[in-house]
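Order of the sequence lines fixes the chain letters, A, B, ..., with proteins taken first and strands second; residue numbering starts at 1 for each chain.
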Number of protein chains: 4
Amino acid sequence: MNTLGNKLRVTIFGQSHAPAIGCVVEGLPAGFAPDMEQVAAFMARRAPGQNAWSTSRKESDRPEILSGLVDGKTCGAPVAMAIRNSDQHSRDYSGLKRTPRPSHADYTALVKFGSSYDIRGGGQFSGRLTAPLCFAGALALQVLAGRGISVGAHIAQIGQVWDKATDFAHVDQEALAAVGRNSFPVFDGDAGDAMRQAIEAARLDGDSVGGVIRCFALGLPAGIGEPMFGGVENRLAAALFGIPAVRGVSFGDGFAAAAMRGSAHNDPFVMDGERVSTRTNHAGGVLGGITTGMPLVVNIAVKPTASIAMPQDTVDLETKEPASLTIHGRHDPCIVPRAVPVAEAVTALTLLDMLMED
Amino acid sequence: MNTLGNKLRVTIFGQSHAPAIGCVVEGLPAGFAPDMEQVAAFMARRAPGQNAWSTSRKESDRPEILSGLVDGKTCGAPVAMAIRNSDQHSRDYSGLKRTPRPSHADYTALVKFGSSYDIRGGGQFSGRLTAPLCFAGALALQVLAGRGISVGAHIAQIGQVWDKATDFAHVDQEALAAVGRNSFPVFDGDAGDAMRQAIEAARLDGDSVGGVIRCFALGLPAGIGEPMFGGVENRLAAALFGIPAVRGVSFGDGFAAAAMRGSAHNDPFVMDGERVSTRTNHAGGVLGGITTGMPLVVNIAVKPTASIAMPQDTVDLETKEPASLTIHGRHDPCIVPRAVPVAEAVTALTLLDMLMED
Amino acid sequence: MNTLGNKLRVTIFGQSHAPAIGCVVEGLPAGFAPDMEQVAAFMARRAPGQNAWSTSRKESDRPEILSGLVDGKTCGAPVAMAIRNSDQHSRDYSGLKRTPRPSHADYTALVKFGSSYDIRGGGQFSGRLTAPLCFAGALALQVLAGRGISVGAHIAQIGQVWDKATDFAHVDQEALAAVGRNSFPVFDGDAGDAMRQAIEAARLDGDSVGGVIRCFALGLPAGIGEPMFGGVENRLAAALFGIPAVRGVSFGDGFAAAAMRGSAHNDPFVMDGERVSTRTNHAGGVLGGITTGMPLVVNIAVKPTASIAMPQDTVDLETKEPASLTIHGRHDPCIVPRAVPVAEAVTALTLLDMLMED
Amino acid sequence: MNTLGNKLRVTIFGQSHAPAIGCVVEGLPAGFAPDMEQVAAFMARRAPGQNAWSTSRKESDRPEILSGLVDGKTCGAPVAMAIRNSDQHSRDYSGLKRTPRPSHADYTALVKFGSSYDIRGGGQFSGRLTAPLCFAGALALQVLAGRGISVGAHIAQIGQVWDKATDFAHVDQEALAAVGRNSFPVFDGDAGDAMRQAIEAARLDGDSVGGVIRCFALGLPAGIGEPMFGGVENRLAAALFGIPAVRGVSFGDGFAAAAMRGSAHNDPFVMDGERVSTRTNHAGGVLGGITTGMPLVVNIAVKPTASIAMPQDTVDLETKEPASLTIHGRHDPCIVPRAVPVAEAVTALTLLDMLMED
């Protein structure tokens, strides 16, 4: 349901216009002193209103710690956190219960929860619910860093524009960290410019555009993951599809592997000093569900934002007649840039959970 | 681990060369009388040795029912089943513990389980373990059929060849059923011929080739699935990555959505008689993790078979020196055709589990 | 860990002296309008400072709803709730990390969590954490009542005093409800007086005393529960041992059954109008883990409060020398009366979860 | 359902008259070489037909290993095992579907599973299903022994006869091991004689009698277990109630604690050389759900066998009329002696699971 993980477990709560959103994080090691400045900086990467490509809505995403930290250190009790929802628009959302927005969860939520469903601002399906995920993920990233593991993502694609290719067998940790400090996280600045233009063009058209996020984990030991249904891919995919708008998850070469031959896709084993390595890393760091010790590479397809300014066809659920809908308010013409830290957060939480289970 | 599902739960056991492989299926409704001919026919679709594109190894995949059925009906107790492994080659596999096969689980399994790992025939990572999955899936498919839900898949891509496109909003149930009776399950016979040629070409080169399976579920009610981490995508992806060689899972337009604009990707709501429907189905039948009532569409990328006849580079784990490896024995040059029923089985098991939880 | 339930899931957070304690309740049916007066009244039964036999500490147990309710109704999103910890004593608790209190969790928590463990006021092991459990349980009790199921408990024993025996086959629902309105919940007022005297005598001696709570659930349908490890007893016991100070859980005749013969313990089936019933109910309403439709009877042994005023022997964990410890502050000389609603809450949550899974 | 454990997971299958019963054990450490003679000896303690106090039915409980062992060592794959049911009586059980046996699961199983329920020999509720539990437990006991942890139980009570009391703070490991080699496991031979007489007296009366099993675990490290719902008591109770006929589970002084004062029940901390210990062990080795490092003491109440030779009242479920039932066949007049190894098995499995999760 709203819970991610086994030994490290995050439970998310809240709706877009509830008094608060937040989370409970169980299983963090006791005695860990998170750097709260870093947590805030990480959460800011997801926050809206900072750039041309994100909405100008202001969220006050200051997390209030409710429990689990004493003198800045985890004490073994669950870390609970709440963020007040201060920026609640009072406008009437009830119309959306009659004319559901195409490709939103409005309709399916109404079928599932009935008329009591909180449709205001997207309710519990709002992208705003990823703020507590980022909080929890920021903690996990710090624990992982303490174990020599770094997780970072870049925008691999926006619309028809691709960032430059990465050699999956030789991912540069410093370059990856630099990308994370970039407000628009790409390796190739020119590609980034073209991506921003594609987003702006969509926005001017009252439209939106999708993209792909590629997330890496470096420094993972070999041997993490279980066979069959407990593999790294199973666990990461189950988690990453929890991010709104994700339509696909793949590892290494992903869907491109379908068009390849084995002789091109197989990764020959080689020695890297004393360490067993692979010459290439088409597998994306995982074989049989278990990490190889090579960089973990996961690709996440994000659909174009469903909320677009153009009028759209829908139905009136009361009259069962066709209706036209125009969505008001500001919406990101592309959710991908703000979803990058969310992907990192979910990846970090899942990997730390698996490491703790091992 | 080796267990799939919550209320309907399948536990798989066995290794390629163990005395047996099998499964325990918990949670099937009591009083259900499975058609065992249909089960056998379904399992035969996965079995090797039947076609030019699959290995000539013979498996005797006769499932022996150990418990759970009385007079041909489920009695409420777990259905346990075992298949004897009669075709065990006595040849020496120990060499593979020194020179792991590229892109196989040999190496990661050795890291995880140590030298006791059963490497014979791929051990617990063998594709043979999908036989009990198909047994369990065949039962689930019959229960689903009794509820008006059909699950069927086709080969959407082999190498550079694509089957013809499907209108996701109007999937023809009869055509889908016909594809399932096809020994090479494609909608377009010409595409099928070209795919078989691509496989044969790879085989003649001592190579292999990958592909994409697309699986549909028709007749699902709207409202199945939970928000966030309990969605249809999360659950199906977690399950489908349990099939060996799967590298990506996506829904509806999948990764292609990344290149699209919202105006093209959004599915306008329309009335279909008394029923709320969508004009298109780029979403693949699921919004916010919850079914829309439209056909569910899931795409599964399968890598080229790792076992190829060409000599490959690897390392000798004892001497830590480079080594060359030639894999003997017969291996499918393309695993995709035999993985089609496995994808159907896993999809059916997961959907029935979610329906039972609802 | 801190989570109870599968489909109805409660996650508890907080420590005695954290900014807040609270819970997240997932899986409540959408559209349910809880009576918040009743919730408050139920929580008040657990609150301290109301009677001679409970401490005079004041807790402001006003739950603040953070999410999940819109216009007083559940909307399908998790119901999150926080209670501020206003009554935090500033006194120094660090001494307890050197000289752990006998029969408290201080020592085991220090072993588990190390020196970062929040020992103030019992930390996460404080009985105060049962306040959010009661909040969640109050919601479950209302949902159950709407389905014709009532849950109620009485004090069956304090020290050497027993409440009058109940005919488990004919539990009077009105009498049970009346007991719940009683500030000291017993069927027999004289027994209640004697129990209070036993508690007062212990208090005057600087000592404490234990007891037994017996909880009933009336109106449960037959057929709830799963064989083997998913039975009503398994699930209820797993939950009830989460209440601090519980040392034993039994069903029906419980440990007394050990001394009985089958002819006395067996419950003959009889017709009760059109309904299959049993003449006696030694089984306590459950056979083979599955409800019989008779009253469910669960007995819960509660140890005497570990915090007593007398000086006690312990060790100094730093010097490894014997030490004497005198516990200051006010503590209930008997936790049993306040634990009665907690037992009802946990029973209600577990039974509703099982009903929802069915 | 039929599955016990998280990281070490046992799935039980079978019915009394199915082709087989068995289990799948996931998560055993790879490279472990179980002593199969010891496993057989352990299973023999549970087997019927060996003594005056157990039925003369013969079971051929030879476990056949289906997977997971290679050259006598675990390989990391699940260990699957089946036991053929050779001794199936062909007599007609269908009468029991009309006139359910008092205090058996017949009736509740019929409500739950309907007329397809396999009632022959008790179906999936048969005590025979504890044979695979003992198999799995025997493996766990050996792994625990390798870590210096021993688990052993004795018969603490049969009817009105008690074995001699044990000082919970000073349980003698050798004496405990000796008890396990005893065909009637008691510390006090005279008490054992009296118990056997009580059983024989019940048998001669066509009746049965109950008892209490007390199980110890020695050598457990301090710090195992999680707060609240993940404690040792929660986990053990949830598991132990899976043994047929168990009606109560308690720890240390258990229900007797209810009658005690804190000054008598509290266990003062003392140094035992360099190790923190407690002078007494009323707590039974666990505080706040977490092990103290003292002997773990769990008491298990077992009801008198429901199958007695005397005629009993029941109802005819078809006619809804009263009926008299006489149960034929041989049944243990007291199940307690044979349940002792089952209690050890379940305790060992649960503790090893918790150790592996830690």
Side-chain angles (χ1 to χ4, degrees), chain C residues 1-2 4 102-103 105 108 111-112 124-125 157 159-160 202 207-212 222-223 226-230 233-234 237-238 241-242 247-248 250-251 254-255 257-263 265-269 271 283 287-288 290 292 301 303-306 308 310 312-315 320, chain D residues 1-2 4 102-103 105 108 111-112 124-125 157 159-160 202 207-212 222-223 226-230 233-234 237-238 241-242 247-248 250-251 254-255 257-263 265-269 271 283 287-288 290 292 301 303-306 308 310 312-315 320:
Chain C
M1 297 195 279
N2 310 280
L4 178 66
S103 297
T108 52
V111 171
K112 186 164 195 76
Q124 62 176 304
F125 294 89
Q157 179 189 348
Q160 309 280 355
D207 212 338
S208 64
V209 66
V212 172
E226 298 288 332
M228 216 165 281
F229 305 110
E233 301 103 321
N234 310 64
F241 274 113
R247 304 310 297 144
S250 72
F251 294 84
F255 277 79
M260 293 170 76
R261 282 190 163 195
S263 55
H265 188 267
N266 281 2
D267 300 310
F269 287 105
M271 294 307 301
L287 289 174
I290 303 171
T292 62
K303 73 175 183 183
T305 316
I308 56 177
M310 299 175 181
Q312 295 181 85
D313 289 350
T314 185
V315 294
K320 306 268 173 122
Chain D
M1 299 199 277
N2 310 281
L4 178 66
S103 298
T108 52
V111 171
K112 184 161 197 78
Q124 61 176 303
F125 294 88
Q157 179 189 347
Q160 309 280 354
D207 211 338
S208 64
V209 66
V212 172
E226 298 289 330
M228 218 166 281
F229 304 111
E233 300 102 322
N234 311 64
F241 275 112
R247 305 309 298 144
S250 72
F251 294 84
F255 278 79
M260 292 169 77
R261 282 192 163 194
S263 55
H265 189 267
N266 282 2
D267 300 311
F269 287 105
M271 294 306 301
L287 289 174
I290 302 171
T292 61
K303 71 175 184 183
T305 315
I308 56 178
M310 296 176 183
Q312 295 180 86
D313 289 349
T314 184
V315 295
K320 305 268 172 123

Contact origin within [X] toward chain D - heavy atom pairs under 4.5 Å:
| X | answer |
| --- | --- |
| C:F255 | both |
| C:M271 | both |
| C:T292 | both |

[X] portion near chain C, given a 4.5 angstrom heavy-atom threshold:
| X | value |
| --- | --- |
| D:D207 | side chain |
| D:F251 | both |
| D:Q312 | side chain |
| D:Q124 | both |

Chain C: which of [options] shares the most heavy-atom pairs with it under 4.5 Å?
| options | answer |
| --- | --- |
| D:K303, D:M1, D:H265, D:M260 | D:M1 |
| D:S208, D:P268, D:A202, D:G230 | D:S208 |
| D:E233, D:Q157, D:M310 | D:E233 |
| D:G210, D:A258, D:G159 | D:A258 |
| D:A259, D:A222, D:A105 | D:A259 |

(message) I'd like to know if the side chain of C:R247 reaches the main chain of D:S250, judged simply by a donor and an acceptor atom lying under 3.5 Å from each other, with no hydrogens or angles considered.
(response)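 Absent.
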(request) Compare all side-chain heavy atoms of C:V111 with those of D:I290 and state whether any distance is below 4.5 angstrom. (result)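 They are not in contact (no side-chain heavy atoms under 4.5 Å apart), so the answer is no.
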(message) Would you say that D:S103 contacts C:D267 through its side chain, given a criterion of any heavy-atom pair below 4.5 Å between the two side chains?
(response)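 Yes - at least one pair of side-chain heavy atoms lies under 4.5 Å apart.
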(message) So which residue, C:P102, C:G288, C:G223, ends up with the most heavy-atom pairs under 4.5 Å with chain D?
(response)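 That would be C:P102.
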(request) Flag the one option from C:N266, C:V209, C:I308 with the top tally of heavy-atom pairs under 4.5 Å to chain D. (result)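 Of the candidates given, the most pairs with chain D belong to C:N266.
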(message) If I take atom CZ from residue C:F269 and atom CG from residue D:D313, how far apart are they, to the nearest 0.5 angstrom?
(response)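 Separation between the atoms: 12.0 Å.
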(request) Over all heavy atoms of both residues, which pair between D:A257 and C:P304 is shortest? Give the atoms and the distance, please. (result)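 Scanning both residues completely, I find the closest heavy atoms to be O-CD, 3.2 Å.
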